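All values reported here derive from a predicted model rather than from experimental measurement. Letters A, B, ... mirror the listed sequences (proteins, then strands); counts begin at 1.
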2 protein chains.
Amino acid sequence: MRYDPISHIRRFGRAVTIEVGALDTSFLGRGRPLGAARVLNAIGTGRSDVAEIRDYLSLDSGLMSRLLRSLEDESLIQTTPHPTDARRRVAILTKAGQQEFQAYENLSDARATALLDRAPHADELLRAMDMIASALGRDRIAIEAIDPRHEAARYCLGEYYAELQRRFENGFDVSRSRDPDAADMMQPRGAFLVAISDGLPIGCVGLKGTGGDVAEIKRLWIDQTARGLGIAKRLMHAAETAARERSIKTLRLDTNSALHEAIKLYRESGWVEIDRFNDDPYPDHFFEKHL
Amino acid sequence: MRYDPISHIRRFGRAVTIEVGALDTSFLGRGRPLGAARVLNAIGTGRSDVAEIRDYLSLDSGLMSRLLRSLEDESLIQTTPHPTDARRRVAILTKAGQQEFQAYENLSDARATALLDRAPHADELLRAMDMIASALGRDRIAIEAIDPRHEAARYCLGEYYAELQRRFENGFDVSRSRDPDAADMMQPRGAFLVAISDGLPIGCVGLKGTGGDVAEIKRLWIDQTARGLGIAKRLMHAAETAARERSIKTLRLDTNSALHEAIKLYRESGWVEIDRFNDDPYPDHFFEKHL
DNA sequence: GGATTTATCTGACCTAAGTCAGATAATATG
DNA sequence: CATATTATCTGACTTAGGTCAGATAAATCC
């Protein structure tokens with residue numbers, strides 16, 4: 001058959017190439033070459049170290065220097081020496097730069113909104129986009145430790161609770177479960193790790209420590225559209241590493257038989273089933289692992 | 001919440017921009033600027049008229065001319081005057097050009113294959129890509145009349161039968177249904193129309209004529225990932241237009257109650273239910289429309 | 001403390017891409 | 001048949017993007 005899987009992927013490639021081109025063209029409407037717009041965008045999204053931006057955008061140092069000068073000439077950015085390394089420079093947006101950055105953001109948002117408004121099944125479309133973004137970006141998925149009260153963490157936890165609500169026969173009410181103290185999932189006792197894919201959190205795990213040599217693994221979640229990419233394994237591995245760094249000797253966790261992929265993962269990676277060790281109403285399986 | 005739908009779309013944008021950029025970079029490995037590669041590709045995929053290529057790639061006439069010269073200098077293409085309009089030129093690939101075109105195709109295919117091989121759920125991923133390609137490319141979906149024995153038509157019919165097999169309670173066996181004669185769905189008696197989106201057929205409908213002033217609508221199918229975009233309506237509209245052009249006064253069709261979206265569409269667009277007019281074992285609903 | 005490495009900047013240079021104004025020849029229009 | 005239009009080509013020009021070889025100053029290494 002002619003319309004094999006590759007034909008479908010290549011059709012997808014044609015469609016998104018046209019879309020990407022259209023977005024670039026709309027960016028040019030602001031009277032600035034794309035290179036300068038990209039640098040402005042990198043600074044606007046929090047990258048301030050010039051070397052970091054250069055690396056992120058794979059730019060030659062000469063070109064980078066000229067792009068920074070042109071943005072400075074427009075009074076969109078200011079550069080100052082790096083506080084601890086005087087060879088380096090850091091760039092920040094001026095007030096005008098923030099406005100200009102926001103104008104680019106608005107162009108992107110407008111395209112996204114227009115697409116959503118016209119889409120017949122917006123939620124399905126978003127799921128499809130998430131799945132593809134995760135598949136294409138799998139080599140760029142990074143595990144980061146963040147504050148469990150940070151918005152990325154709160155987003156992950158919200159999705160995690162929503163998934164338990166869907167999967168547990170009688171639903172899930174977070175207030176009936178013991179919600180760990182944020183401080184127990186932060187330095188120095190514990191950690192909260194998220195998997196970030198192209199800027200969006202797609203998975204998380206918590207290491208809840210007490211200061212002693214026993215700690216608990218909590219809130220392991222992977223977005224449905226990002227499963228099968230080995231992210232859970234990476235998160236668990238990172239959590240164990242964090243535990244060792246905190247001199248933790250024994251890890252425990254509780255889970256529910258509805259979460260069979262998770263239970264399979266635990267069994268395959270050295271966890272052994274133990275007796276119930278708490279009175280939380282939801283879990284029915286309990287595991288332990290010695291580090 | 002920060003991670004609203006727009007964040008997801010923009011993450012998707014970042015991921016595919018990187019992918020598109022990587023493909024472009026791999027194309028540069030063949031030692032030719034992208035512009036020339038695009039023209040070569042356009043010629044390779046069947047566009048021979050220079051003006052048509054220029055329009056398709058939105059190129060300035062001067063730039064186009066120079067790109068053609070550079071491809072001629074490499075002996076990859078040959079240009080000759082247009083057979084009926086001596087102002088125009090047509091370009092075709094030489095033997096070396098065909099090889100070079102194939103080399104680009106292989107690069108694309110290799111990327112697609114690599115993606116599929118690593119994907120955890122390849123079929124889901126392909127569905128996601130189809131859905132996004134249809135949503136992004138909805139303005140480029142074209143209705144074309146083709147030979148029902150053409151591969152695009154056979155693909156549509158295969159997908160149509162597969163869908164009936166899934167949706168009918170007792171499955172569907174095409175040999176038990178009367179398969180229309182190809183000649184009845186071609187000029188001058190009938191037509192076979194397909195909806196093409198970025199090169200891939202995503203829907204079809206047949207107009208089966210007998211030479212008289214009554215004809216039948218057959219094989220209305222829209223790919224699952226392309227529903228809600230109004231393609232069925234456009235196909236039915238095009239079929240009615242084709243019927244009028246063939247002096248047909250009355251259209252009939254049979255369908256099955258499992259195909260409720262189709263039945264809804266017929267009811268909403270002027271079709272009225274009539275008595276059974278054939279002994280095909282599958283249909284249980286019969287409609288008619290006077291043009 | 002001297003040698004080496006690193007980050008940035010500057011000038012010179014290059015290619016790709018695209019624009020613009022004619023020139024030419026053929027076709028279409030009235 | 002004169003005029004307008006169309007398709008292509010050519011030369012002149014511009015901008016964007018990127019490379020390369022030093023220059024400079026700071027940090028790091030031995």
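Of the possible donor and acceptor atoms, one in the side chain of Thr94(B) sits under 3.5 Å from a partner among the backbone N and O of Leu76(B). Looking at Arg234(B), its side chain does come within 3.5 Å of a backbone N or O of Ile141(B) through a donor-acceptor pair. Of the possible polar contacts, none joining the Asn41(B) side chain to the Gly44(B) backbone as a donor-acceptor pair under 3.5 Å is found.
At a threshold of 4.0 Å, the pair Glu151(A)-Arg154(A) does not count as salt-bridged, since none of the basic side-chain nitrogens sits closer than that to a carboxylate oxygen. Salt-bridge annotation for Asp198(A) and Arg10(B): absent, with no side-chain N of the basic residue lying under 4.0 Å from a carboxylate O of the acidic one.
Side-chain contact, Ser70(A) with Asp73(A): no donor N or O sits under 3.5 Å from an acceptor N or O. Side-chain atoms of Ser197(B) and Arg14(A) include no donor-acceptor pair closer than 3.5 Å.
Under a cut-off of 6.0 angstrom, the local environment of CD in Gln78(A) is sparse, with at most 12 non-hydrogen atoms contributed by other residues, nucleotides or ligands.
Against DNA chain C, the stretch residues 55-73 of chain B makes heavy-atom approaches under 4.0 Å through Leu59(B), Asp60(B), Leu63(B), Arg66(B). Near-neighbour residues of DNA chain D inside residues 74-91 of chain B, defined by a heavy atom below 4.0 Å, number-ordered: Arg87(B), Arg88(B), Arg89(B). Residues of residues 14-40 of chain B that place a heavy atom closer than 4.0 Å to DNA chain D do not occur.
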*Steps toward side chain to side chain donor-acceptor pair (under 3.5 Å) verdict (Ser134(B), Arg11(A))*: CA-CA 9 Å; Ser134(B) 292; Arg11(A) 170 196 178 219; 2.6 Å; yes

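Here the closest non-hydrogen pair linking Leu291(A) and Ala243(A) is CD1-CB, 3.7 Å.
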